[in-house]
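Notes follow once the structure below has been shown.
Sequential numbering from 1 along the given sequence is applied to the chain's residues.
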Amino acid sequence: MNGFVEALRLWFAPARVREEGETPDYRFSLANERTFLAWIRTALALVGGGFAVDQFLPDLSRGWRIALALALLVVGALCALRAVNHWVRCELAMRRGEDLPVSRFPALLALAVGLVALAMALVVLFGWAEG
């Protein structure tokens, strides 16, 4: 738990990351930041998709609409949180001269988006509207 609290502190005090190891080539830090921004764009797209499902599919039954919208919103929130966590972990690894951390999150994100897309495709195909 202590490691989690320390990692969380680094989210809000990124200057403390500089206390670790040596400064990496700035190009690597900027690439890490671009990756972070790509994750944030993905999170924003998922959140936007959640709102779009809720607002622009009024013929869809309320239960399906809420379930699909919430699935997209939750995955978007997790993606945003994971973005900052990944940025900190990669920055620390580069400063320490360690291998970059590996993660199952991209596979989980792809699976979640794929499942929501499949559910939405089924809704479109079968037209589960309010009865």
Side-chain angles (χ1 to χ4, degrees):
M1 186 68 165
N2 190 28
F4 174 75
V5 172
E6 184 60 29
L8 195 59
R9 285 184 184 150
L10 290 175
W11 290 14
F12 299 101
R16 291 185 59 208
V17 172
R18 290 183 175 170
E19 297 170 6
E20 293 282 334
E22 297 179 12
T23 302
D25 185 329
Y26 71 91
R27 293 173 291 181
F28 299 126
S29 290
L30 291 174
N32 190 29
E33 189 171 317
R34 285 190 301 274
T35 302
F36 166 77
L37 293 172
W39 282 102
I40 292 298
R41 284 191 302 272
T42 301
L44 286 170
L46 290 164
V47 169
F51 281 115
V53 165
D54 185 50
Q55 294 298 308
F56 299 118
L57 296 177
D59 294 337
L60 189 60
S61 73
R62 178 170 162 72
W64 275 105
R65 194 173 69 238
I66 288 175
L68 291 172
L70 282 178
L72 288 168
L73 291 168
V74 167
V75 172
L78 290 174
C79 189
L81 293 173
R82 182 65 177 125
V84 69
N85 181 267
H86 185 74
W87 176 83
V88 167
R89 290 175 59 212
C90 286
E91 197 66 28
L92 286 174
M94 287 188 297
R95 295 185 72 79
R96 294 173 181 160
E98 300 171 351
D99 289 340
L100 293 178
V102 295
S103 174
R104 290 185 186 100
F105 188 78
L108 294 174
L109 177 63
L111 182 62
V113 170
L115 289 174
V116 171
L118 178 62
M120 292 175 81
L122 291 174
V123 167
V124 169
L125 279 172
F126 297 108
W128 287 316
E130 293 188 78

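Both W64 and L57 are part of a single hydrophobic cluster, where members link through side-chain heavy atoms under 4.5 Å apart. Under the 4.5 Å side-chain heavy-atom criterion for ILVMFWY residues, a single connected hydrophobic cluster contains both W11 and L37. Side-chain heavy atoms closer than 4.5 Å link hydrophobic residues (I, L, V, M, F, W, Y) into clusters, and following such links, even through other members, never connects L73 to L81. Residues I66 and L72 are members of separate hydrophobic clusters, defined by side-chain heavy-atom contacts under 4.5 angstrom among Ile, Leu, Val, Met, Phe, Trp and Tyr. Cluster membership check: L78 does not share its hydrophobic cluster with L70, using side-chain heavy-atom separations under 4.5 Å among Ile, Leu, Val, Met, Phe, Trp and Tyr.
Just one residue in the list V84, V88, N85 forms a side chain to side chain contact (heavy atoms under 4.5 Å, CB included) with L10, and that residue is V88.
Residue pairs satisfying the ring pair (Phe, Tyr, Trp, His ring centres under 6.0 Å) criterion with at least one member in residues 42-63, sequence neighbours excluded, are absent. Pairs passing the side-chain hydrogen bond (donor to acceptor under 3.5 Å, both in side chains) check and including a residue from residues 106-118, sequence neighbours excluded, do not occur. The side-chain hydrogen bond (donor to acceptor under 3.5 Å, both in side chains) pairs that include a residue from residues 31-42 are N32-E91, where partners are two or more places apart or lie in different chains.
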Under 3.5 Å, which donor-acceptor pairs link side chains of residues 12-20 to any protein atom two or more places apart or in another chain?
residue : atom : partner : partner atom : Å
R16     : NH2  : E6      : OE2          : 2.9
E20     : OE1  : R96     : NE           : 2.9
E20     : OE1  : R96     : NH2          : 3.2

Just distance, no hydrogens or angles: give the donor-acceptor pairs under 3.5 Å from side chains in residues 100-109, sequence neighbours left out.
residue : atom : partner : partner atom : Å
S103    : OG   : R82     : NH2          : 2.7
S103    : OG   : F105    : N            : 2.9

Which atom pairs, donor and acceptor, lie under 3.5 Å between side-chain atoms of residues 118-125 and protein residues at least two apart or in another chain?
none

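The minimum heavy-atom distance linking D99 with A93 is given by the pair O-CB, 3.5 Å. Smallest separation of non-hydrogen atoms from G76 and V47: CA-CG2, 4.1 Å. Across V53 and A69, no two heavy atoms sit closer than the pair CG1-N, 3.9 Å.
For A112, the side chain to side chain contact (heavy atoms under 4.5 Å, CB included) partners two or more places apart in sequence, or in a different chain, are V75. Contacts of D25 classified as salt bridge (Lys or Arg N to Asp or Glu O under 4.0 Å), with partners at least two apart in sequence or in another chain: R27. The side chain to side chain contact (heavy atoms under 4.5 Å, CB included) check on L115 picks up L111, with sequence neighbours excluded.
Applying the under-4.5 Å side-chain rule to Ile, Leu, Val, Met, Phe, Trp and Tyr, the cluster around Y26 extends to L30.
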